[in-house]
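Inspection log for the structure reproduced underneath, given as structure tokens.
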Amino acid sequence: MADGVFFGSTILDTGAHHTLLSRALNNLYNGPITLFHNRGDDVDGLHAALAAAFEEVEITVVDAVAVFADRRPWSPGQLIRLVGTPGRTCEAGANTHPAAPDPRTPPVNERNPKCRHPN
């Protein structure tokens, strides 16, 4: 993969410091106007999403805005995609995901290599 920096910003919803006006606008933009799709977004979720694709993740939160810069994307050979979500069974019914594992953790389920939970 090419070297470089992936950067950007997003408005957080949960766990962020909003003023009365910013909260009202966020509710408006996530509701009737639907310009945003960040209801429930938080810094932990943002970090998990970015860490699934990049080795180096840097996030700075300023009030309700998260500014991020990510480096060293995982190569296709390194990238392990999650199969299943918390509370759902893994593909092929291997077992239930209690929580999303760290995407850098190697598979541990021999019956289903895409599932990272023990047999």
Side-chain angles (χ1 to χ4, degrees):
M1 297 207 124
D3 291 333
V5 178
F6 176 71
F7 65 94
S9 64
T10 186
I11 298 173
L12 301 172
D13 184 46
T14 306
H17 172 72
H18 280 277
T19 65
L20 196 57
L21 179 59
S22 71
R23 175 63 62 200
L25 287 173
N26 202 40
N27 287 335
L28 178 67
Y29 293 154
N30 275 289
I33 295 179
T34 61
L35 287 174
F36 293 170
H37 298 281
N38 65 338
R39 190 164 303 222
D41 286 1
D42 62 9
V43 73
D44 292 334
L46 176 63
H47 187 273
L50 294 172
F54 296 92
E55 269 188 80
E56 294 178 20
V57 176
E58 180 183 327
I59 300 173
T60 303
V61 177
V62 180
D63 293 327
V65 177
V67 180
F68 55 87
D70 310 306
R71 294 168 187 81
R72 300 181 64 200
W74 294 108
S75 69
Q78 294 171 309
L79 190 59
I80 301 170
R81 296 197 181 274
L82 294 176
V83 175
T85 55
R88 293 204 165 159
T89 57
C90 297
E91 188 174 299
N95 55 20
T96 300
H97 286 269
D102 183 333
R104 294 166 286 187
T105 304
V108 295
N109 187 325
E110 293 173 12
R111 292 184 301 171
N112 181 5
K114 293 181 180 178
C115 174
R116 289 193 216 98
H117 293 90
N119 293 326

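- In terms of heavy-atom proximity, V43 sits nearest to L12 at N-CD2, 3.9 Å.
- D13 places a side-chain heavy atom less than 4.5 Å from the side chain of R23.
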Side chain to side chain contact (heavy atoms under 4.5 Å, CB included) for D70 and V57? Distances and angles first, verdict last. CA-CA 5 Å; D70 310 306; V57 176; 3.4 Å; yes
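- Hydrophobic cluster membership differs between I59 and V67, with clusters built from Ile, Leu, Val, Met, Phe, Trp and Tyr side chains linked at under 4.5 angstrom.
- Residues E55 and W74 meet the side-chain proximity criterion, which asks for heavy atoms closer than 4.5 Å.
- The shortest non-hydrogen separation linking A16 to A64 is CB-CA, 3.7 Å.
- Taking the six-membered ring where tryptophan is involved, the planes of Y29 and F36 are perpendicular, since the angle between them exceeds 60° and thus also 30°.
- Annotation for V5: hydrophobic cluster partners, listed by chain and number, are F7 (ILVMFWY side-chain heavy atoms under 4.5 Å, direct or chained).
- No single ILVMFWY cluster, assembled from side-chain heavy atoms under 4.5 Å apart, contains both V65 and F6.
- L25 and I33 fall within a single hydrophobic cluster, where Ile, Leu, Val, Met, Phe, Trp and Tyr side chains are chained together by heavy-atom contacts under 4.5 Å.
- The environment of R39 atom CZ is dense: over 12 non-hydrogen atoms of other residues, nucleotides or ligands sit within 6.0 angstrom.
- There is no path of hydrophobic side-chain contacts, each under 4.5 Å, that joins I11 to V62.
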Can D41 and L46 be said to form a side chain to side chain contact (heavy atoms under 4.5 Å, CB included), step by step? CA-CA 7 Å; D41 286 1; L46 176 63; over 6 Å; no
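- The side chain to side chain donor-acceptor pair (under 3.5 Å) check on T19 picks up S22, with sequence neighbours excluded.
- Remark: of the listed residues T34, N27, N26, N26 is the sole one forming a side chain to side chain donor-acceptor pair (under 3.5 Å) with N30.
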